[in-house]
Amino acid sequence: MTLMGEKLATIGPEMVLSVGALLCLFLGLARSARVRHATPLIAGVSLVLCIVGPMAWSAARPAAPGEIALVLGLAATPMAAFLKITIASIGLLLLLVSYRTPDQLPQNIEIERSGAAFDPGQTTRGEFFAFFLMSLAGAMLCAGADGLVWLFLALELTSLPTYIMLVTTRQSTLAREATVKYFFLGALAVAMFLYGFTLIYGATGVTQLYTTPVTEGLATVQSVVAEWRQEGQPLPLMLLVGMGLAILGISFKIAAVPMHLYTADVYQGATTPMTAFLAFVPKTAGFASLVLLLGTLGWPLPEPIAAMLWIMAVLTMTVGNVLGLMQTSVKRALAYSSIAHSGYMLVGLLAGSAAMEAGQPVVASGIAGILFYLVAYGVANLASFGVLGCLKRQGEEAETYQDISGLHHRHPWLAAIMLISLLSLIGLPPLVGFLGKIYLFAPAFFTGEPAMIWLVVIALINSAISAVYYLRIAAAIYFGQPSEEVERDEQTARMTGSGIAATAAVVLGLGAGALGLTDMLAKAADQPGKVLIQPADTDGDEAASEDRSNIPSATAGRN
Amino acid sequence: MDVSMVKWIPWISLLSAAICGVLCFRRAWGVWAAPVTITAIAASFVVAMLAAPSGLLRDDDGRIADALGKSPHDIGQTVKAIDWINLNERDALMDDGSPPATLEEARGLADQHQSARIIESGEAGYSVRVPGLSANFSYYIDPLTLLMLFVVCGIGSLVAIYGAGYMKGDKGYARFFAAVSIFIFAMTSMVMGDNLVLLFLGWEMVGLASYLLIGYYFKKPSAAAAARKAFIVNRIGDLGFALGIFLTYMRYDTVVISEVLAMATSPEHVADWRDYWIPFLLMLGALGKSAQIPLYVWLPDAMEGPTPVSALIHAATMVTSGVYMIARLHPLFENSPYALPTVATIGGVTAFFAATIATSQFDLKKIYAYSTVSQLGYMFLGVGMGVRYAIFGGLFHLLTHAFFKALLFLTSGNVMHGTHGQLDIRKLSGLRHLMPFTCWLMLAGCLSLAAFPLTAGFFSKDAILVGVFEQGLAETDPNRWYVVLGVLGLVTAFLTPFYAFRAWFRVFMGPEKYEMGTEAHGDEEEHAHPSGADSHLIDEDHHAHDDKPHEASWLMLAPLFVLALGALFVGIIGYKPVKELVEGSTAVISTGKESLISADLNLTLIIQIASGIIATLGILTAAYFHWLNRQAGQNLADRLAGPIRVLENKYWVDEIYDLAIVKPLRLLGWIFQLVDTLLVGGLVKLFGWLPRLLGQLARPSQSGVLHGYGLSMLAGVALLVLLILLAAR
Amino acid sequence: MDSARSRPVGVSESTLAGQQIDLWKVAKRCGHAYLLPSSGTGCWEDVFAAIITLNDPLRCDPRIMDSAVLYALYVATVVGAIALILIMPGAFSTAIRRIGGLLGAATLGGLWLWLGRFLPELGTDQAPFLYYYLFSGIAIIAAVRVISHTKPVYAALWFVMVILSSAGLLLILQAEFMAFALVIIYGGAILVTYMFVIMLAAQAGDASHAEDAPEYDRVAREPVLAVLVGFLMMALLLTAIHEPAPEVPAARGPSDMAIKVAMLTDRPEERAIQRLPPEQRELVRQTFGQRGMAEAFGPVIAQIADRELQTRELEEFQAAIGAWVEAQPWRDVKPRPSTQQLPLLVDRLLLETIDQQVSSIAGRALTEEDRRLLQQTLANQRVLGNVERVGFDLFNAHPLGLELAGVILLVALIGAVIMARQRVTAADEPEQPAIDEEVSA
Amino acid sequence: MSTPLSGMLLSHFLMTGAILFGLGLIGFVTRRNLIIMFLCTELMFQGVVISLVSLSLHHGNFEGQTFVIFVLTIAAAEAALALGLVVLLYRGRKTLDGTAWALLRG
């Protein structure tokens with residue numbers, strides 16, 4: 001196997017997605033309607049390849065230590081591998097849910113109906129799926145990012161396509177308003193974390209987070225910080241403020257306080273499948289980035305950062321839940337619930353890998369909690385928005401409590417899917433949300449610090465509050481008067497997608513351990529940025545790479 | 001078969017539930033739900049009976065070893081199915097990576113870790129467990145588990161076969177079997193679970209299946225109300241149970257049952273306040289689930305569900321889970337001086353109380369519902385003793401009761417089926433010729449329930465009473481209160497045959513007279529008649545005798561024969577094996593006051609003779625008043641109009657609850673409005689409104705203006721950065 | 001090894017006094033250790049103490065001076081905030097806005113003068129940094145105009161001014177490539193697009209009051225609150241950046257010399273210089289064989305040896321390096337270097353040779369101090385220009401990043417096309433209720 | 001590459017960067033014209049660029065400068081999208097006022 005082949009295998013999924021995106025882009029402009037309709041299929045195939053490819057690759061060549069899997073700025077970490085598979089799998093479900101979204105646009109309906117002559121300037125099918133894949137690729141790149149530059153680019157690649165998808169998938173003034181808010185505030189957030197990155201670079205002098213392409217000699221943010229912390233020096237203000245700004249800027253993507261304000265408006269304005277997309281993809285990218293960034297500091301986090309995150313976590317879950325209580329629109333309530341769930345995940349971020357001990361055989365780190373919760377939230381969120389997307393009220397999207405009232409009597413299966421997802425969001429056993437919350441809160445609890453225990457208590461109270469509005473949705477579905485005006489949109493794919501997600505919520509809740517997920521998690525959460533597979537051309541130098549902290553000092557000695 | 005095979009038992013049912021779920025999609029597919037479910041439950045039964053015994057600890061002569069004084073790790077085997085919750089808990093190892101070999105090493109190792117504890121792990125020596133939370137899908141197989149599996153899967157498969165006939169043609173055929181499969185999954189998980197979290201999960205899921213099935217005819221308002229009532233009443237109990245589990249975890253740093261029991265029974269264990277409270281909290285859960293005073297009110301109403309469900313869930317299996325739980329965690333109850341007496345008292349009083357109500361009910365299913373409550377009271381009385389024989393009696397009664405009560409419910413289902421939902425015993429009479437099989441099958445059930453000598457109920461009930469009197473008259477430590485309970489049990493033993501045979505004589509003996517019910521088919525109101533020549537036996541039957549009560553189909557009768565055989569003979573066949581099982585289970589590991597290890601022969605004989613006479617008397621009384629001379633019965637009833645009205649109205653307990661909880665708020669509204677608003681309402685409102693208040697405060701931030709959002713974000717960022725600067729320096 | 005990294009931590013307070021010029025170098029080398037704002041004393045005391053100590057250059061304590069700068073910045077921030085509130089459009093009349101402008105200019109000027117006091121400390125080699133005051137002054141004033149001008153076109157033009165002056169700043173910072181890229185990409189490409197869109201909008205609407213900008217341009221939204229929050233943020237950032245960035249020796253990349261050697265010798269199959277084509281061998285020889293090395297290292301070697309060097313010695317040194325480069329069996333270097341590692345490896349091996357040569361010339365073993373000097377000299381070998389070096393780093397460290405940037409541009413391009421072609425008419429848009437007033441009320 | 005930037009001068013340049021960044025922030029939340037708002041984000045990017053280059057000189061490596069190239073690229077991409085969006089919005093409502101978009105709230 002050539003060196004280049006190895007390197008490219010690391011970004012294989014992203015490359016497959018990019019190629020798929022380009023194909024969608026071109027075929028979306030095809031003259032034949034049948035070819036144009038094949039674009040979602042291509043997107044699906046490329047996502048499947050993303051899942052199967054790496055597995056086949058590693059099955060064909062079990063990775064031995066001392067082999068290269070490090071591509072300039074991107075690292076093949078177990079966490080990245082886990083997140084890539086997660087993103088691709090949930091992306092596949094998202095694809096099912098948004099399979100017919102472009103078809104529902106007025107101009108496309110018009111074209112289909114009138115049989116008008118083909119006009120490449122009017123069709124928007126291919127682009128939608130192209131941007132869909134691009135955004136997923138961006139999220140995957142975030143997971144494997146190993147440098148500030150790369151993180152910045154990957155975050156941009158995640159979010160830029162979402163702006164376009166947001167405004168083009170719904171022809172309504174609401175969607176345009178949502179886009180202008182999302183985009184402009186997003187640009188503000190980008191500027192903020194960019195300034196944060198600048199300060200981090202300023203403090204440490206490097207942009208690489210964990211590993212450098214030049215394994216010998218150059219420092220990384222992690223090694224520099226580790227050295228400072230080892231020597232007991234106070235961390236420079238520039239680093240702390242830079243980290244703070246970077247976290248705050250990225251917290252726009254995860255919709256955490258104070259960068260959450262856009263969330264409800266944007267989720268409401270977006271078309272429902274798009275909302276499901278927005279609630280998962282940027283959030284995953286954001287959390288991956290946060291884990292990677294904070295991993296350079298190491299857990300327990302420095303006090304100022306921990307204090308900030310603590311306050312953010314408390315505010316995020318509380319604001320999300322109390323505002324969720326106030327809503328008359330189910331979509332908005334779920335948007336606020338999305339905020340609240342980010343708050344829960346911040347708990348895991350705070351706990352970090354503090355509870356990990358060497359040789360520990362079980363999942364017990366907050367990082368693992370976050371990774372698992374991303375899956376748990378991903379499926380539950382997708383199922384609930386998918387069900388919402390299956391309903392129409394006089395051709396408009398259903399979104400109020402009234403619209404879903406009595407759903408059980410008209411569409412018992414949609415109601416059951418919704419119920420499962422809501423129960424999972426509440427965190428009731430044996431659904432995946434319960435396991436997710438345990439994995440998130442237990443590590444924080446086991447740190448034994450009073451602040452963390454209080455945080456867990458607050459999180460539990462918040463879970464109880466959130467149950468009120470989730471159960472209100474469930475009550476409307478099961479006990480409300482059915483509304484005749486609401487009808488099911490004939491969307492087999494969308495319903496299948498949510499159905500699979502709901503099933504996954506049950507199956508993962510019972511069998512996360514049996515499916516090997518916990519083992520994967522334990523590996524993935526071992527240490528953010530830790531490259532298990534070392535470059536091949538440092539053979540004989542493994543000892544040095546294992547203990548990265550003495551590399552900079554070795555070179556520093558020569559200065 | 002290897003013992004590790006038992007780990008498949010719950011999952012077979014889950015798979016069946018999934019398949020039935022899929023079958024729900026098409027009406028035409030629904031017919032396959034029954035074979036799938038029956039196969040699954042029967043397969044579970046076979047696996048359990050073949051695999052589980054190989055995991056039990058045996059004596060040299062091949063008998064199941066006596067559990068007294070043994071470690072729970074020895075008498076049972078833990079089989080791990082899948083990882084579930086596994087946080088932080090791990091075994092500490094010595095420096096060289098090996099587990100500690102001696103106690104000294106283990107002690108030294110434990111000192112190095114915070115709140116670590118030493119566990120004796122059988123022949124493997126010691127392990128030092130560093131605390132965390134470990135709750136996996138792993139199963140603890142001991143004789144008690146085996147007994148419960150026998151009941152759950154055995155009765156379950158019979159009821160499922162019956163249900164296949166009973167529910168035929170119902171719109172929600174597959175839905176019914178999906179719920180039954182879920183129930184079996186939950187129930188088997190619960191009885192096999194090796195940790196309290198899994199036990200609680202199963203506990204909640206059987207509850208869920210129960211509500212689903214009570215509310216099966218969700219369009220009937222009474223069914224929906226009954227489901228709601230069951231839900232609310234059980235929440236009270238489950239809250240206590242959850243708190244109990246939490247307290248147990250706080251006390252023992254683990255939720256794994258065998259470890260908890262090992263610690264609770266170890267001689268070094270010193271009980272503290274938590275040990276006093278744990279059983280009471282756990283007991284609350286048991287009272288709710290097993291419908292004991294004061295949380296019994298939901299069970300009679302739960303008969304709104306389809307009759308097979310009543311038989312399976314609300315008579316044979318689920319309601320006994322409280323008994324099971326007390327038996328399983330018996331050592332915890334023994335650690336608290338007042339816990340077991342409380343259990344026994346509640347059991348004894350409930351047994352009597354419910355039996356009196358049952359004597360005056362007219363609805364066949366209601367009678368059996370109160371009878372169930374009463375018999376559960378017996379079981380509580382049994383497991384509430386500190387005596388082996390009584391515990392054995394309680395658990396044995398659990399088994400025999402499962403047989404005869406399931407039989408009774410199913411035969412009453414036959415009656416219901418044949419008479420279009422008519423269950424009022426005043427409106428049915430002399431059906432023995434129309435429904436001969438049902439008649440004699442029900443007789444078998446009634447005899448067993450009445451504890452007629454040599455039937456199954458006779459042996460198990462006597463075992464309980466013998467145990468009670470033994471404890472009460474013990475030479476070393478007599479406790480007269482138990483004598484009172486024993487006498488109460490004997491009185492109940494008179495009432496039981498009376499109400500059982502009252503119903504039977506009414507319905508099957510006497511002149512043939514009946515009023516058909518109004519329901520189309522059994523208790524199924526939205527039953528759609530399948531049309532065409534291929535429609536099933538029952539339906540042909542149904543059409544042929546539309547105006548007459550008719551016998552049920554063979555599919556429904558076949559399982560009843562098995563149950564009847566059980567109800568009659570399981571007492572003789574099962575006495576020794578069950579005793580062996582119970583004495584080898586964790587329920588008795590610390591229960592073994594020497595003088596009380598096995599029953600006193602004389603006492604046993606006296607009680608057996610006495611209760612045999614009492615049972616016969618009860619039957620004769622019922623025969624006189626309700627068969628031979630119904631007019632006399634009527635006269636007596638008229639004379640006793642007052643007391644009977646009390647009983648008919650179930651002591652007005654529902655009304656008292658209504659009066660005690662609902663009315664004061666309404667009736668004394670004017671007077672107590674202020675207090676009520678301030679204290680009760682105020683608190684409720686505070687918890688309700690605090691989040692809303694916060695929401696109102698936070699809402700203006702969502703003004704909808706882009707710039708406002710930008711400014712708020714900026715302000716937030718500035719404040720947080722300020723925080724960083726302040727915290728850093 | 002560790003002793004090499006030791007910092008002069010033990011320098012006591014008393015040694016500090018009277019050595020302030022050297023101290024800057026010390027402080028420079030040891031990062032933030034000395035440049036903390038002194039804690040414990042009140043802020044005004046510090047400012048006065050700074051003024052007093054400034055009058056007496058011998059007693060100038062860098063720590064006090066440092067915190068004085070910080071407080072001066074805070075004062076300037078507060079005054080600047082007031083000025084900006086006055087300047088923001090919509091709130092005040094033109095006259096007051098002018099006063100605000102004057103106040104702002106005065107603040108900036110005062111701050112510049114105040115900061116200028118420290119310039120003499122810096123030494124003559126940093127004289128070009130004087131231009132800093134010019135360019136950054138223009139940049140800041142232009143930025144204020146961008147956010148305060150009521151006419152979008154002018155705002156955009158002022159933004160061009162910001163870019164030009166930033167380009168000037170980048171030139172001072174020896175980043176020629178960045179400076180020109182900035183002018184071309186921003187001033188050329190992006191700003192033209194902005195102007196185009198602004199003109200499009202201005203042309204299409206607002207014909208009725210063309211002489212006056214529309215209301216939303218004339219009136220700023222919540223200027224006071226925004227300026228206060230913004231300046232709070234600015235003050236926080238100033239505090240954070242005020243503490244000088246610590247120097248991280250390991251962050252320094254390979255020397256230019258090493259890069260050049262690596263680039264000349266790195267071939268995937270045959271790394272041995274001996275197998276290079278003749279013209280490349282010639283290039284290597286020219287690079288290392290002529291006078292370059294000797295000239296660069298001469299003074300340093302003389303300093304280390306503590307005597308005048310003879311030409312012969314330098315020529316020998318020169319020859320030794322050349323011979324080393326040519327004789328190096330690149331293939332066999334262990335661990336086998338990759339493209340990225342080679343420069344660093346070269347750096348190390350080259351230094352070893354230089355060490356040997358110098359110690360033989362100096363006649364003694366080299367100290368860590370000597371080695372650092374030599375390494376500095378090697379790092380300072382200006383063989384690569386800014387453009388070359390940026391190019392090397394870009395393609396060396398971020399080859400895939402460039403591809404990704406291309407993908408992002410493609411996404412943006414297609415996205416802009418799709419967005420702009422969406423059919424929206426005024427009829428699709430309902431009139432908006434006047435929420436703004438309601439909210440701000 | 002040569003003389004690293006001294007701490008004092010470095011903070012001068014960073015100060016300019018921070019001031020530009022802060023002014024951009026203020027402009028973003030006060031100016032109602034969508035185009036100017038986005039121009040203000042470009043202003044923030046300018047602050048970032050100046051800081052990055054000065055830090056690059058200070059640290060004696062070129063990562064800061066290479067970062068700038070990417071910042072410029074992304075700024076261009078975002079500007080293209082923003083202007084496309086502004087054109088779209090303007091066509092519908094004939095105004096560039098950012099506060100006019102406030103239907104979604106609560």
Side-chain angles (χ1 to χ4, degrees), chain C residues 28 35 88 118 129 132 136 140 143 146-147 152 155 159 162 166 169-170 173-175 178 185 190 193 197-198 201 205 216-217 220-221 223 226-227 230 233-234 237-238 241-242 244-245 251-253 380 389-390 393-394 398 405 408-409 412 415-416 419-420 422 424 426 428-429 432 435-436, chain D residues 1-2 6-12 14-16 18-20 22-23 25-27 29-33 35-36 39-40 43 46 50 53-55 57-62 65-66 68-70 72-74 76-77 79-81 83-88 90-94 96-97 99-100 102:
Chain C
K28 216 164 71 182
L35 300 178
M88 286 314 281
F118 303 113
F129 289 117
Y132 161 81
S136 77
I140 292 170
V146 172
I147 65 168
F159 187 67
V162 175
S166 325
L169 288 174
L170 299 197
L173 291 167
Q174 306 161 18
M178 289 305 135
I185 296 178
I190 301 181
T193 326
V197 176
I198 292 172
Y216 57 81
D217 274 337
R221 193 179 180 284
V227 169
M233 188 77 200
M234 210 191 277
L237 294 182
L238 289 173
I241 59 168
H242 186 69
R252 206 164 276 270
N380 288 349
R389 185 67 201 257
V390 170
D393 270 29
L394 194 59
H398 303 287
I408 293 174
L409 277 175
M419 274 196 205
Q422 265 215 323
V424 183
D428 291 347
E429 295 286 353
Q432 194 83 24
I435 280 169
D436 195 22
Chain D
M1 194 66 208
S2 57
S6 84
M8 193 63 206
L9 270 174
L10 171 68
S11 61
H12 278 50
L14 291 181
M15 186 177 76
T16 309
I19 291 176
L20 288 188
L23 289 175
L25 283 178
I26 295 169
V29 293
T30 48
R31 297 308 302 265
R32 291 163 58 183
N33 188 323
I35 300 178
I36 305 283
L39 210 52
C40 288
L43 205 54
Q46 277 308 305
I50 293 175
V53 173
S54 57
L55 285 167
L57 184 61
H58 171 78
H59 285 299
N61 64 27
F62 281 75
Q65 295 198 29
T66 34
V68 168
I69 291 182
F70 293 109
L72 292 186
T73 315
I74 300 302
L81 271 186
L83 294 176
L85 180 65
V86 166
V87 168
L88 172 69
Y90 185 76
R91 274 222 303 274
R93 219 171 255 180
K94 297 285 176 235
L96 291 174
D97 187 359
T99 58

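Lettering follows sequence order; numbering is per chain, from 1. These numbers come from the heavy atoms of this one structure, side chains and all, not from hydrogens, waters or symmetry mates.
- Options D:Ile36, D:Leu39, D:Leu20, D:Leu14 differ in how many heavy-atom pairs under 4.5 Å they form with chain C, and the most are formed by D:Leu39.
- Here the side chains of D:Thr30 and C:Ile147 are not in contact, with every heavy-atom distance at 4.5 Å or above.
- Within the 4.5 angstrom heavy-atom criterion, atoms from both the backbone and the side chain of C:Ile140 approach chain D.
- Annotation: side chain of D:Val68 is not in contact with side chain of C:Leu170 (no heavy-atom distance under 4.5 Å).
- C:Val146 approaches D:Arg31 most closely through the heavy-atom pair O-NH1, 3.7 Å.
- Here the closest non-hydrogen pair linking D:Ala80 and C:Ala416 is O-CB, 3.7 Å.
- With rounding to the nearest 0.5 angstrom, the OG1 atom of D:Thr66 is 7.0 Å from the CE atom of C:Met178.
- Of the listed residues D:Ile74, D:Ile50, D:Val53, D:Leu43, the one with more heavy-atom pairs under 4.5 angstrom with chain C than any other is D:Leu43.
- Looking at D:Leu25, the atoms closer than 4.5 Å to chain C (heavy atoms on both sides) all sit in the side chain, from C-beta outward.
- C:Tyr132 has its side chain within reach of D:Thr16: a pair of non-hydrogen atoms, C-beta onward, lies under 4.5 Å apart.
- Contact count versus chain D (heavy atoms, under 4.5 Å) is highest, among C:Ile190, C:Ile241, C:Leu237, C:Ile408, for C:Ile241.
- Across all non-hydrogen atoms, the minimal contact from C:Leu238 to D:Ala18 is CD2-CB, 4.0 Å.
- The shortest distance between side-chain heavy atoms of D:Thr73 and C:Leu409 falls below 4.5 Å.
- The side-chain heavy atoms of D:Asn33 and C:Pro152, taken from C-beta on, include a pair separated by under 4.5 Å.
- Side-chain atoms of C:Met234 and D:Leu23, non-hydrogen and from C-beta on, do get closer than 4.5 Å to each other.
- Comparing D:Val86, D:Ile35, D:Val29 by how many heavy-atom pairs each has under 4.5 Å with chain C, the most go to D:Ile35.
- A 4.5 Å side-chain heavy-atom check between C:Tyr216 and D:Leu96 finds at least one atom pair inside the cut-off.
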